[in-house]
Colleague: 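Got a structure here, written out as structure tokens. Questions coming.
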Amino acid sequence: MYNKKDKKIYEKTTKYLKKINANDINNKLEQIDKILQIKDIKERYSYLYDLLCDYLDNEFKEKNICGFSNNICKRCLDLKNRNIQKDSYFNGCCHRFLDGSNCKQLDLNTGRCKVRNLSCKLFTCNYLKKKGYKFSLKDIYLSRYFFNLRQRYYLDSAFFLSKEELLKEILKRG
């Protein structure tokens, strides 16, 4: 059913999920199985990329990690007492404190990103890191064995690019 590489990915993922005592292990293995059934590598990475983006979106939303209130994040609300100008902390991490601009991918009308960028979704500011929130591809079962070290490093640091641009680069590093 699987080629040698895919079989190894499935076995390593199973072992990893058991090691971390993952919840709903059968559902996660079904998800891995579905990914492995996609034979075209570009389609596989595209599907995996979407799953990872959805996973991170869900983590941030379920746990209310940034705690946005009126487009202002928790960190900025906590820093309010440090005389930061009110407009300098709208849109959280999508706002550049150095020059006061917003990320070019941010749609100001909706407050949402125009592209699905995995690097941006993995990013957590120092405030959140101190609170124990840090995301790494090697710790997410969906990507742990699908991406090599070069691909994971690239995905961790390729901010502000579209999914298509990222996938193109991931394929080069495969």
Side-chain angles (χ1 to χ4, degrees), residues 1-68 73 92-94 103 105-107 110 112-174:
M1 181 165 141
Y2 296 135
N3 64 33
K4 207 174 195 177
K5 183 180 177 185
D6 290 349
K7 187 176 181 179
K8 194 173 186 176
I9 288 171
Y10 188 84
E11 289 169 355
K12 283 185 171 187
T13 304
T14 304
K15 195 175 188 179
Y16 175 71
L17 289 171
K18 287 178 181 174
K19 178 182 166 188
I20 63 167
N21 293 322
N23 295 335
D24 64 345
I25 192 169
N26 289 333
N27 289 337
K28 289 177 177 166
L29 289 175
E30 283 177 27
Q31 203 170 32
I32 296 296
D33 186 50
K34 188 172 181 179
I35 296 167
L36 292 172
Q37 288 178 18
I38 302 170
K39 297 302 176 197
D40 180 67
I41 194 69
K42 188 175 181 180
E43 284 180 41
R44 182 185 285 189
Y45 281 143
S46 178
Y47 182 73
L48 181 59
Y49 186 92
D50 288 339
L51 285 176
L52 288 165
C53 285
D54 291 343
Y55 168 79
L56 289 166
D57 285 343
N58 192 43
E59 283 291 299
F60 275 85
K61 187 177 179 181
E62 270 187 18
K63 296 177 180 172
N64 195 21
I65 292 173
C66 293
F68 275 98
C73 68
C93 295
C94 298
C103 172
Q105 303 296 358
L106 181 66
D107 182 345
T110 63
R112 300 192 67 108
C113 188
K114 297 175 196 170
V115 296
R116 289 184 66 150
N117 183 285
L118 191 56
S119 305
C120 293
K121 292 177 185 298
L122 287 164
F123 177 80
T124 52
C125 65
N126 287 333
Y127 175 83
L128 291 178
K129 286 177 187 169
K130 287 177 188 173
K131 298 287 183 189
Y133 295 106
K134 183 173 183 337
F135 294 96
S136 172
L137 286 173
K138 70 177 175 56
D139 297 328
I140 301 173
Y141 78 96
L142 285 169
S143 65
R144 188 173 177 96
Y145 302 109
F146 281 98
F147 296 118
N148 65 37
L149 186 61
R150 289 178 55 211
Q151 291 169 322
R152 286 195 312 260
Y153 179 77
Y154 180 78
L155 284 171
D156 275 337
S157 58
F159 298 99
F160 318 120
L161 300 175
S162 70
K163 174 185 172 182
E164 291 75 25
E165 292 171 301
L166 284 166
L167 288 175
K168 183 179 166 186
E169 293 299 320
I170 290 305
L171 288 167
K172 286 181 188 177
R173 289 164 171 77

Colleague: At their closest point, which heavy atom of Leu122 faces which heavy atom of Leu155, and how far apart are they?
Modeller: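 Nearest pair, atom of Leu122 first, then Leu155: CD1-O, 4.1 Å.
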
Colleague: For Phe147, give me all partners under ring-ring contact (aromatic ring centres under 6.0 Å, His included), at least two apart in sequence or on another chain.
Modeller: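 Expected list: Tyr45.
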
Colleague: Return the set of residues passing salt bridge (Lys or Arg N to Asp or Glu O under 4.0 Å) with Arg44 (not counting sequence neighbours), or none when no residue passes.
Modeller: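 Expected list: Asp6.
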
Colleague: Could you give the distance from NZ (Lys121) to SG (Cys53), rounded to the nearest 0.5 Å?
Modeller: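 Nearest 0.5 Å value for the NZ-SG distance: 5.0 Å.
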
Colleague: With sequence neighbours left out, write down each residue that passes side-chain hydrogen bond (donor to acceptor under 3.5 Å, both in side chains) with Asp156, or none if nothing qualifies.
Modeller: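 Applying side-chain hydrogen bond (donor to acceptor under 3.5 Å, both in side chains) to Asp156 gives none.
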
Colleague: In chain order, what residues pass the salt bridge (Lys or Arg N to Asp or Glu O under 4.0 Å) check against Asp40, with sequence neighbours excluded?
Modeller: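 If we apply the salt bridge (Lys or Arg N to Asp or Glu O under 4.0 Å) test to Asp40, skipping adjacent residues, there are no hits.
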
Colleague: Should Ile38 and Leu48 count as side-chain neighbours, where that means a heavy-atom distance under 4.5 Å?
Modeller: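 Answer no - side chains too far apart.
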
Colleague: Examine the side chains of Glu165 and Ser162 and answer whether a donor and an acceptor come within less than 3.5 Å of each other.
Modeller: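 A pair is found: one side chain offers a donor N or O, the other an acceptor, under 3.5 Å apart.
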
Colleague: Got a sec, which residues hit ring-ring contact (aromatic ring centres under 6.0 Å, His included) with Phe60, two or more places apart in sequence or on another chain?
Modeller: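 With neighbours one apart ignored, the set is Phe135.
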
Colleague: Which atom pairs, one a donor and one an acceptor, fall under 3.5 Å between side chains of residues 7-20 and the rest of the protein, sequence neighbours left out?
Modeller:
residue: Thr13; atom: OG1; partner: Ile9; partner atom: O; Å: 2.7
residue: Thr14; atom: OG1; partner: Tyr10; partner atom: O; Å: 2.7
residue: Tyr16; atom: OH; partner: Asp139; partner atom: O; Å: 3.4

Colleague: Can you establish whether the number of heavy atoms outside Phe159 located under 6.0 Å from its atom CZ is more than 12?
Modeller: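 Enclosed.
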
Colleague: Where do Arg116 and Asp50 come nearest, in terms of heavy atoms and distance?
Modeller: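 The answer is NH2-O, 3.2 Å.
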
Colleague: Assess, by modelled atom type and distance only, whether the side chains of Tyr133 and Glu59 contain a donor and an acceptor separated by less than 3.5 Å.
Modeller: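 No donor-acceptor contact under 3.5 Å links the two side chains.
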
Colleague: When you measure from the side chain of Arg152 to the backbone of Arg144, do you find a donor-acceptor pair of N or O atoms at a distance under 3.5 Å?
Modeller: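 Present.
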
Colleague: Over all heavy atoms of both residues, which pair between Ser143 and Leu52 is shortest? Give the atoms and the distance, please.
Modeller: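 Heavy-atom minimum between the residues: CB-CD1, 3.8 Å.
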
